[in-house]
Amino acid sequence: MKPFAILALAATALTLTACGENLGAGKPLNVVSGHIVMGATPDRPAVGYFRVQGGPQPVQLVAVTADLAQRVEMHESVKENGVVTMKPLLRADVPAKGELVFKQGGKHLMIWGINGAAVRAGKLPMAFVFTNNNNERILFDMVIKPAEGAEAVDHGAMDHGAMEKGAEKAAPDAAKK
């Protein structure tokens, strides 16, 4: 009986040691929700909104990519001289134990050329790239919603010309896909 008791005690100690590694670390960095609203017409870009829950350390979101889309860019709506415009966003802060929100009227994704199969499936697998652990990637399926109602802001009708060229020069990885 003694050898069994020693073995059980050793197994318990190893289990507690493994659990102890995560004590105090808090919740991990995670994409907790998100969706895409399709453009008003097939030739218009879709717009993406999501929420990231921060982990124990502050990080930055540096890119969002999708293999089933031609291009994904991070943008921010800003008001300058009484006019709302969009600017490329090269990175966005995710505070420790806080959250980063991409929402209508603020930070958002512009997504061009979503593959028809993804649209029919109603979701687009996306990779969120952060500045921790050698650019950690979190995979998240964004639900695709049709363009309708107040959410269907036609971002494609806005002038992206100069902005797109600047985004590609500043962050080629974030600007292409």
If you compare all heavy atoms of [X] against all heavy atoms of [Y], which two are closest, and at what distance to 0.1 Å?
X    : Y    : result
T131 : R91  : CG2-NH1, 3.9 Å
P56  : A96  : O-CB, 3.4 Å
G105 : S77  : O-CB, 3.8 Å
M38  : A147 : O-CB, 3.1 Å
L29  : G54  : CD1-CA, 4.1 Å
A118 : L124 : CB-CD1, 4.0 Å

Q.
Angle between ring planes, Y49 versus H35, binned at 30° and 60°: parallel, tilted or perpendicular?
A. tilted

**Q.** Salt bridge present between K107 and E76 (N-O < 4.0 angstrom)
**A.** yes

Q) Does the pair K87 and E80 meet the rule for a side chain to side chain contact (heavy atoms under 4.5 Å, CB included), with working shown? A) CA-CA 11 Å; K87 293 193 174 196; E80 292 179 345; 2.5 Å; yes

(Q) Taking salt bridge (charged side-chain N to carboxylate O under 4.0 Å, His left out) as the cut-off, I'd like each qualifying pair that reaches into residues 29-41, sequence neighbours left out, listed once. (A) none

Contacts of type side chain to side chain contact (heavy atoms under 4.5 Å, CB included), residue [X], not counting sequence neighbours:
X    : result
P125 : L68, D141
F140 : V31, F128, M142
N30  : V32, I138
A121 : none

When rounded to the nearest 0.5 angstrom, what is the spacing between [atom1] in [X] and [atom2] in [Y]?
X    : Y    : atom1 : atom2 : value
I36  : L109 : CD1   : CG    : 7.5 Å
I114 : I144 : CD1   : CD1   : 5.0 Å
I111 : T65  : CD1   : OG1   : 11.0 Å
S33  : Q53  : OG    : CD    : 10.0 Å

Q: List the steps, then state whether side chain to side chain contact (heavy atoms under 4.5 Å, CB included) holds for Q60 with D93.
A: CA-CA 4 Å; Q60 291 184 318; D93 293 329; 2.8 Å; yes

Q) Judged by atom type as modelled, is there a donor-acceptor pair below 3.5 Å linking the side chain of N115 to the main-chain atoms of A117? A) yes

Q.
Using side chain to side chain contact (heavy atoms under 4.5 Å, CB included), reason through V64 and F102 one step at a time and then give a plain yes or no.
A. CA-CA 12 Å; V64 181; F102 273 46; 5.9 Å; no

**Q.** side chain to side chain donor-acceptor pair (under 3.5 Å) partners of E136, counting only residues at least two apart
**A.** N132

Q. So Q104 and V37, side chain to side chain contact (heavy atoms under 4.5 Å, CB included) or not? Walk me through it.
A. CA-CA 11 Å; Q104 188 173 3; V37 179; over 6 Å; no

